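No experiment lies behind these values; they were computed from the predicted model shown. Heavy-atom basis, side chains included; hydrogens, waters and symmetry copies ignored. Naming: A, B, ... by sequence-line order, numbering from 1 per chain.
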Amino acid sequence: MDSWSGIVQGFSVALTPTNLLYVFLGVLIGTVIGVLPGLGPTATIALLLPITYTVEPVTAVILLAGIYYGSMYGGTITSVLLRLPGEAASVVTTFDGYQMAKQGRAGPALGIAAVGSYIGGTVSVIGMILLAPPLAQLAVSFGPPEYVALTVLGILLVTYLGTGSVLKSLSMAALGLLLATIGLDPITGTARFTFGEVALFNGLDFVAVAMGLFGVGEILHSLERTDKVQAVTSKIKGIWPTRKDFRDSSGAIGRGSLLGFAIGVLPGGGGVVSSLASYAMEKRRAKDPSRFGKGAIEGVAGPETANNASSTSAFIPLLTLGIPPNVVLALIFGALLVQDITPGPQLIEQEPEIFWGVIASMVIGNLMLLALNIPLVGFFVQMLRVRAGILAAFALLVTMAGVFSVNNNVFDMWVVLGFGVIGWLMKKTGFEPGPLVLAFVLGSILERAFRQSMLLSGGSFDIFVTRPISGGMFAFMALIIIVSAITSRRRKAVFGRVDPADVDETDETDPDADRQVAAEGSPGADSTTDTPTDGPSGSTSTTPGER
Amino acid sequence: MHGSTSASGTPAEGTTDRGHRWRQLHRIAPLLLLVLGVVAVFGSRRLGLGELTAPGPGLWPFIVSLLLTGTAAVLVLLDPAEDYEPWTRGTVRIIAGLVSLGVFILLFQTFGFVVSAFLMLVLWLRVFGGESWRWTLGLAAGGTAVMYLLFVELLGVPFPDGLVDAVIGG
């Protein structure tokens, strides 16, 4: 099928009343949870996984995708108005966005972010239409060794890009792979690690694990911090940016779109990395870099464009290779698996309505977001009045009832609770749940591909390096490991000194001076991504007091 | 990550003492992982490793648990303490909250959804959320009703039979 008829088919799927309703629900929920600091897109998608079984697969993905890119819009609002990033990818927006708000230019900051996000999302959709089909075509020829390489690469990159401590992430990935082996062996039917518990024969339920780690774990963790959120009282005026604003930020939006698209496609990429990279790029390009951190509109436009572009292009590896490049996509991957659809190279051919339907829904969803955001910013800000305690109570109840509804099984509720405890403890001890869940999802694919490869090669590991594509991927992985081993020592030396100062300074006046150190060197990006995820807790705890 | 900074940064006696004890404690996390890894290594060997040409059910778990054991072992020795958040008074609340969730599951099994959901919402809103009684009772009653309608009537989820069903059924 050529792209054009695919697009036509996609719109015929996305424009059905049900799917229109779900894309609207998705972007609305996404915006709302983007505004609410306690609940990120990962937690929300985890919480809503059970609901997706009651609808068609394409509708499920449309809903979840809407939540993901919708949250990128929503996170901007609180970053600009309160210097309180609603989700990690918006941390960068606080640097200049909040300064603009202080100068009475909150409206244009939000306006340009919405416009930029729209453009970034649209550019990414176009890129996806052009890039995804040929990529899938290439991937059709992949055999088991290539899949081993691809899944290992995915896990490795998420491990390396996701957090400061690579080793901790690696051990979490190993734990995820181990947990994935619980249940009956897919080939011999032997029960593995089930301890005689019949409920474990089918393995741990992915939904229960994800809901526990991200849903319950994050709710508990955010509840422990008792920050008081202050609602904005002043009216936001003149949200539509002036012609000068557009002129100033057009370059940033253009570059942000391309950069975000490229980073989103890479495993381990996604919102945070792309917005940081865009900010660093704009600052480096600027004639007068000192304006950054003092309300430069490019510093809002670029990163906001980039994070939305990346959240769209992140669907490319999922829908063409069957490899989720980040945790949110891993959850969407899991949602599809439960619906008996394995995303992969054949998806475009076999389930064209899913691939093209989701793409078309993104076009519609981004338009809806633009329409929602410009006039309704004031309404979304009011969401901040919802108190964290109420939110937590209801989110937990929905989690518990929701996980029961998947298999009508009380055992899954205990699994959620168990993983909730683990998720919270992991947060407390600096272990990232992301690599665990990603590895858990990919575990069975990896094991099957590995065993098939061994059968193919007669037990020789040569098969992984002698085939050009898998060999290339393993060479790339080796390169990553070597480069990061060399840079990590240097990074530790730098960050060991910078870190405490970093936290202090962010809370005072000039947030970008030290952040910039982090954002500039791209190998340093792995620890940079860690900074923002911890950042909200670090900077928000004092910010509200300041206002 | 700022936990240890503040713990070791403040010269007050109590905090240094706590910080010291903390440093001993924090290695429990990788130790637990290490134990889990070792147990899994032996568990997968018992499952039967087979040959590389004909992998047994235990081979893949074996490889994976070796990776877990290896990383955990290094972490026990090298784990940077600064990733660890301090335990606060909030922690006790969280543990109480977790216990309440366990109680909720037990109540759910015996009394059904309505009673257990209402009680859980009351507890969470009043005790953990600090809402006034008026808000608590109103939100809990309304929330339970909405959830019941959503899950049972709209989605048709067969929650365990409970008190309310018995009353309605009778």
* Could you check if a side-chain atom of B:Phe104 sits within less than 4.5 angstrom of a side-chain atom of A:Leu417, using non-hydrogen atoms only? => no
Just so I understand: if I count every heavy-atom pair under 4.5 Å between each of [options] and chain B, which residue has the most?
options	result
A:Leu456, A:Val416, A:Leu396	A:Leu396
A:Ala439, A:Gly389, A:Ser405, A:Ala191	A:Ser405
A:Leu425, A:Leu446, A:Ile51	A:Leu446

So what's closer than 4.5 Å to chain A heavy atoms on [X]: side chain, backbone, both or neither?
X	result
B:Leu33	side chain
B:Leu59	side chain
B:Ser44	both
B:Ile63	side chain

Restricting to non-hydrogen atoms, name the atom on [X] and the atom on [Y] that form the minimum distance, rounded to 0.1 Å.
X	Y	answer
A:Leu455	B:Pro55	CD2-CD, 4.1 Å
B:Leu125	A:Ala393	CD2-CB, 3.9 Å
B:Ala29	A:Thr429	CB-CG2, 4.1 Å

* Please confirm whether B:Phe113 and A:Phe404 have ring centers closer than 6.0 angstrom. => no
Quick check for you: to the nearest 0.5 Å, what is the distance between [X] atom [atom1] and [Y] atom [atom2]?
X	Y	atom1	atom2	answer
B:Ile94	A:Leu220	CD1	CG	5.0 Å
B:Glu131	A:Ile390	CD	CD1	4.0 Å
A:Met400	B:Met120	CE	CE	7.0 Å
A:Leu391	B:Trp124	CG	CH2	11.5 Å
A:Trp414	B:Leu101	CH2	CG	9.5 Å

* Please check if the side chain of A:Arg192 supplies one atom and the backbone of B:Leu47 the other of a donor-acceptor pair under 3.5 Å. => no
* What residue in B:Ala72, B:Gly143, B:Pro158, B:Ser65 has the most heavy-atom pairs under 4.5 Å with chain A? -> B:Pro158
* To do: Evaluate whether atom CZ of A:Phe201 has more than 12 neighbouring non-hydrogen atoms of other residues, nucleotides or ligands under 6.0 angstrom away.
  => yes
* Asked: How are the rings of B:Trp60 and A:Phe450 set relative to one another: parallel (under 30°), tilted (30 to 60°) or perpendicular (over 60°)?
  -> tilted
* Asked: Is there a side chain to side chain contact (heavy atoms under 4.5 Å, CB included) between A:Thr181 and B:Phe62 once you walk through the steps?
  -> CA-CA 10 Å; A:Thr181 66; B:Phe62 181 73; over 6 Å; no
* **Test side chain to side chain contact (heavy atoms under 4.5 Å, CB included) applied to B:Thr71 and A:Met172, step by step** => CA-CA 9 Å; B:Thr71 47; A:Met172 283 301 102; over 6 Å; no
* Working for side chain to side chain contact (heavy atoms under 4.5 Å, CB included), residues B:Leu75 and A:Phe431 -> CA-CA 11 Å; B:Leu75 280 175; A:Phe431 285 93; 3.8 Å; yes
